[in-house]
Amino acid sequence: MNDNEIKPSTNFIRTIIDDDLKTNKYQGRVHTRFPPEPNGYLHIGHAKSICLNFGIALDYNGKCNLRFDDTNPVKEEDEYVNSIIEDVRWLGFDWGPMVLYASDYFEQMYEYAVQLIKKGKAYVDDLTADEIREYRGTLKMPGKESPYRDRSMEDNLDLFEKMRSGEFPDGSRVLRAKIDMKSGNLNMRDPVMYRILHSTHHRTGDKWCIYPMYDWAHGLEDSIEGITHSICTLEFEDHRPLYDWYLDELDIYHPQQIEFARLNLNYTVMSKRKLLQLVKEKHVSGWDDPRMPTISGMRRRGYTPEAIREFADRVGVAKANSTADIALLEHCLREDLNKRAKRVMAVLKPIKVIITNYPEDKVEELEAENNPEDASAGTRKIYFSREIYIEEDDFREDAPSKYFRLAPGKEVRLKHAYYITCEKVIKDDKTGEIIELHCSYDPKSKGGWTDDGRKVKGTLHWVSVQHAVKAEVRLYEHLFVKEFPEDNPDGTTFIEQINPESLIILKDCMVEPGLKTAKLGDRYQFLRNGYFCLDPDSIEDKLVFNRTTSLRDSWAKIEKKLES
RNA sequence: UGGGGUGUAGCCAAGUGGUAAGGCAGCGGGUUUUGGUCCCGCCAUUCGUAGGUUCGAAUCCUGCCACCCCAGCCA
């Protein structure tokens with residue numbers, strides 16, 4: 001045994017599976033599923049569930065189905081099924097030969113319902129929706145039985161068939177399970193199994209006008225597919241007795257449902273309803289706005305599937321409600337990007353520097369490493385000349401004590417190039433604004449090093465003026481200013497907590513010429529600035545980059561302390 | 001006495017009767033041609049709380065407290 005061995009992450013669900021394997025409960029099978037309703041885009045919370053379910057299948061040599069829980073035609077659309085398929089695939093998972101749909105089992109479910117009716121365990125109810133609610137009772141008061149509860153089996157069969165054949169209008173009747181109107185668990189108070197909905201389904205069209213309810217359908221779907229461990233979120237815990245009741249009454253294959261706490265993340269919102277509101281009210285540019293916690297938004301932002309999977313792994317799986325820190329997500333991102341991103345130089349807020357003792361027409365080609373973390377990434381040539389751009393924030397006229405970037409009279413290193421010393425600050429006579437800096441360079445420092453032992457602490461990134469390519473850069477921050485945007489005792493809404501600086505567009509950035517050939521999906525580290533990727537808004541001659549995330553910035557911390 | 005859950009550090013989370021893993025955040029230091037990365041160190045005498053059982057309790061028992069979910073013909 002090696003002490004340094006990495007322990008595979010485990011959790012209570014895997015413990016249950018281990019036990020089931022020991023007792024041979026499912027003949028050694030492990031079969032999970034990810035069952036989204038196609039009524040919205042997937043978000044990071046779904047990613048946790050996806051990684052959990054597909055991850056278990058992978059580790060236990062089992063299977064995981066991708067199954068659309070499409071039992072409500074009024075909310076579901078093909079646009080959503082397509083985006084979900086794309087997202088799960090992008091996250092890196094496979095689900096076997098085909099995508100599955102609950103709607104493929106509608107006929108089978110109907111037959112099962114007929115069985116329950118024949119068994120005297122289900123009945124057609126003529127009560128209105130309002131009446132059903134009244135009859136259900138309250139949390140503390142028992143419900144009462146519907147007057148239609150004791151219809152004959154023949155009447156129920158006949159009525160149910162007529163429901164199916166379209167003889168009744170929406171809402172006029174439902175099929176209910178006959179269980180216990182006095183149960184402490186409201187889910188057991190004669191739950192509705194089918195409702196009438198004359199609505200076109202995205203897959204079955206107008207074939208059906210009755211649709212199964214979640215509680216009735218879901219266990220059947222799992223049973224039909226031979227799922228062993230049906231993993232879902234906590235709010236379904238008190239639906240489990242009903243899940244079990246249906247399968248037991250039907251006497252069919254019985255998976256086991258296991259519940260875990262869904263992911264919450266600070267500085268964002270996760271409910272589909274709220275995400276939809278952000279999109280509809282145009283607070284963001286769409287479901288794939290890089291500030292959204294959606295998979296498509298994160299993909300556009302530059303997140304990698306690896307980083308998301310690592311996050312899902314590290315955040316853990318348990319039953320306690322919790323809110324993960326978005327800093328952990330960002331840590332996983334940086335960890336991955338640090339290994340793979342090509343380093344390039346890009347000046348976001350340019351200020352011009354003229355190197356007065358450098359020949360006017362000279363251009364040098366210098367060698368630059370592409371990734372200090374990965375020698376196989378190789379090197380590239382960069383151009384150096386008399387006029388360059390450096391970052392506005394890398395120069396201070398009045399530098400604080402610990403500031404070791406450029407300041408009047410101070411010497412810094414230009415990464416991969418030369419040492420320069422600031423000799424003169426040129427300002428606009430009227431506005432006092434700094435126009436350019438005059439510096440001198442030390443020809444003996446080529447490559448950014450001298451052997452005289454001189455201490456040059458600061459290293460700046462730069463771009464040659466005549467070689468620079470202009471680009472637009474979009475800087476993103478948390479979408480909300482508050483850690484818990486939904487928690488507002490003052491009566492404001494989460495919309496009012498939107499961070500006005502969550503998107504800052506910089507239009508005059510100057511980047512290395514090599515970036516002209518950047519492709520979608522390429523990851524870069526703009527040296528000392530952060531990780532960036534090309535945005536699909538880029539067109540010929542107009543580069544647009546998204547900041548995926550900044551680099552950790554210990555100088556910012558020091559400066560903050562200095563101020564206080 | 002409606003029913004179902006959960007409480008371990010600022011945030012997650014292991015631990016299943018033998019004397020509190022790990023990660024993130026934070027703090028201190030070292031290396032560094034990115035104030036990045038990397039490396040080293042610090043960070044719970046205590047597990048919601050009060051009792052009890054035991055040689056020994058985060059783990060077992062009892063009471064209490066706090067928080068979350070459920071009254072869709074949504075999922």
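- A donor-acceptor pair shorter than 3.5 Å cannot be found between the side chains of A:Y383 and A:E512.
- At a threshold of 4.5 Å between non-hydrogen side-chain atoms, the residues A:Y243 and A:D222 count as touching.
- Looking at heavy-atom distances under 4.0 Å, A:V192 makes contact with sugar-phosphate atoms alone, never a base.
- Between B:rU37 and A:R334, no contact under 4.0 Å exists linking OP1 or OP2 to a side-chain N or O.
- Relative to the side chain of A:E37, the nucleotides B:rC73, B:rA75, B:rC70 differ in distance, and B:rA75 lies closest.
- Taking atom C1' on both nucleotides, B:rG15 is separated from B:rU34 by 41 Å, rounded to a whole Å.
- Residue A:F526 is classed as having no contact, given no heavy-atom separation below 4.0 Å to the nucleic acid.
- A:K482 and A:D487 are not joined by a salt bridge, as no carboxylate oxygen comes within less than 4.0 angstrom of a charged side-chain nitrogen.
- Distance, A:L234 CG to B:rG7 P: 10 Å, rounded to whole Å.
- Remark: A:R195 is not in phosphate contact with B:rG72, judged by side-chain N or O atoms under 4.0 Å from OP1 or OP2.
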Next item on the list: Step by step, work out the salt bridge (charged side-chain N to carboxylate O under 4.0 Å, His left out) result for A:R136 and A:D190.
Entry: CA-CA 8 Å; A:R136 185 154 35 226; A:D190 288 12; over 6 Å; no

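- Here A:R380 does not pair with A:E369 in a salt bridge; the nearest charged N to carboxylate O distance is not below 4.0 Å.
- Per the geometry, CG belonging to A:L52 stands 12 Å off P belonging to B:rA13, to the nearest Å.
- The residue A:T323 sits close only to the backbone: its heavy atoms come under 4.0 Å of sugar-phosphate atoms, none of a base.
- Which of B:rG3, B:rG35, B:rU34 sits closest to the side chain of A:K402 comes down to B:rG35.
- Distance from the side chain of A:D238 is smallest for B:rG4 among the nucleotides B:rC73, B:rG4, B:rA75.
- For B:rG72, the glycosidic angle deviates from 0 by 90° or less, giving a syn base.
- The side chain of A:E373 lies closest to B:rG36 when the candidates are B:rA14, B:rG36, B:rC69.
- Checking the phosphate oxygens (OP1, OP2) of B:rU32, no side-chain nitrogen or oxygen of A:R528 falls inside 4.0 Å.
- With distances taken from any side-chain atom of A:K561 to the nucleotides B:rG28, B:rG36, B:rA75, the minimum falls on B:rG28.
- Summarising the geometry, the separation between CG on A:D393 and P on B:rG35 is reported as 12 Å, rounded to the nearest angstrom.
- At a threshold of 4.0 angstrom between heavy atoms, the contacts of A:L414 with the nucleic acid are absent.
- Among the protein residues, A:E330 comes within range of no part of the nucleic acid, since none of its heavy atoms lies under 4.0 Å from any strand.
- Atom NE2 in A:H331 sits about 15 Å away from atom P in B:rG36, given to the nearest Å.
- As judged by a 4.0 angstrom heavy-atom cut-off over every strand, A:P372 is placed among the base-contacting residues.
- Residue contacts for A:M188: at a heavy-atom cut-off of 4.0 Å it reaches no nucleic acid atom on any strand shown.
- Side-chain atoms of A:T459 lie closest to B:rU34 of the nucleotides B:rC11, B:rC70, B:rU34.
- Base pairing of B:rG2: its partner is B:rC70, meeting the Watson-Crick or G-U wobble criterion (both donor-acceptor distances under 3.5 Å).
- Across all strands shown, B:rC47 remains unpaired; no Watson-Crick or G-U wobble contact has both distances below 3.5 Å.
- Here the side chain of A:N72 is nearest to one of B:rC74, B:rG36, B:rG4, namely B:rC74.
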Next item on the list: Give the intermediate values and the outcome of side-chain contact (heavy atoms from CB on, under 4.5 Å) for residues A:E76 and A:R203.
Entry: CA-CA 10 Å; A:E76 297 152 6; A:R203 294 188 76 243; over 6 Å; no

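- Regarding A:L328, its CG atom lies at a distance of 17 Å from the P atom of B:rG10, rounded to whole Å.
- Here B:rU8 presents its C1' atom at 18 Å from NZ of A:K319, a figure rounded to the nearest Å.
- Residue A:S554 is classed as a sugar-phosphate contact, given heavy-atom separations below 4.0 Å to backbone atoms only.
- Residues A:W449 and A:A324 each lie close to RNA chain B; by heavy-atom proximity, the contact nearer the 5' end of the strand is made by A:A324.
- Remark: P of B:rA13 and CD1 of A:I13 are 12 Å apart, rounded to the nearest angstrom.
- Remark: the A:T450 side chain and the A:D452 side chain contain an N/O donor-acceptor pair separated by less than 3.5 Å.
- Side chain of A:K557, nearest nucleotide from B:rG35, B:rC73, B:rC27: B:rC27.
- A:R405 contributes a side-chain N or O that forms a donor-acceptor pair with the base of B:rG35 under 3.5 Å.
- The phosphate of B:rC69 (OP1 or OP2) has no side-chain N or O of A:R240 nearer than 4.0 angstrom.
- As judged by a 4.0 angstrom heavy-atom cut-off over every strand, A:E237 is placed among residues touching the sugar-phosphate backbone only.
- No engagement by A:K339 is indicated, since no non-hydrogen atom pair under 4.0 Å with the nucleic acid exists.
- Counting any heavy atom pair closer than 4.0 Å across all strands shown, A:R413 reaches a base atom.
- Distances shorter than 4.0 Å separate none of the side-chain N or O atoms of A:S322 from OP1 or OP2 on B:rC11.
- The phosphate of B:rC74 (OP1 or OP2) has no side-chain N or O of A:K272 nearer than 4.0 angstrom.
- Nearest to the side-chain atoms of A:A320 among the listed nucleotides B:rC69, B:rG7, B:rC24 stands B:rG7.
- For A:R314, taking side-chain heavy atoms from C-beta onward, the closest of the listed nucleotides B:rC74, B:rC70, B:rC24 is B:rC24.
- Looking at which nucleotide of RNA chain B each of A:E76 and A:G316 is closest to, the 5′-most match is held by A:G316.
- In this structure, A:L329 reaches neither bases nor backbone, as no heavy-atom distance under 4.0 Å exists between it and the strands shown.
- Contact of A:D553 with B:rG35 (side chain to base): no donor-acceptor pair of N or O atoms is detected under 3.5 Å.
- For the pair A:H218 NE2 and B:rG72 P, the computed distance is 21 Å after rounding to whole Å.
- At B:rG26, one or more side-chain N or O atoms of A:R552 fall inside 4.0 Å of OP1 or OP2 (strictly under the cut-off).
- Nucleic acid contact class of A:V317 (heavy atoms, under 4.0 Å, all strands): sugar-phosphate only.
- Atom name P, nucleotides B:rG10 and B:rG52: the rounded distance is 28 Å, in whole Å.
- Of the charged side-chain nitrogens involved, none lies within less than 4.0 Å of a carboxylate oxygen, so that A:D553 and A:K557 do not count as a salt-bridged pair.
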Notebook entry, point to check: Run the side-chain hydrogen bond (donor to acceptor under 3.5 Å, both in side chains) check on A:Y101 and A:D69 step by step: do they pass?
Noted result: CA-CA 6 Å; A:Y101 296 85; A:D69 207 356; over 6 Å; no

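- The side chain of A:R133 contributes an N or O atom lying less than 4.0 Å from OP1 or OP2 of B:rG72.
- We find that A:K75 and A:E37 are not joined by a salt bridge, their nearest charged nitrogen and carboxylate oxygen being 4.0 Å or further apart.
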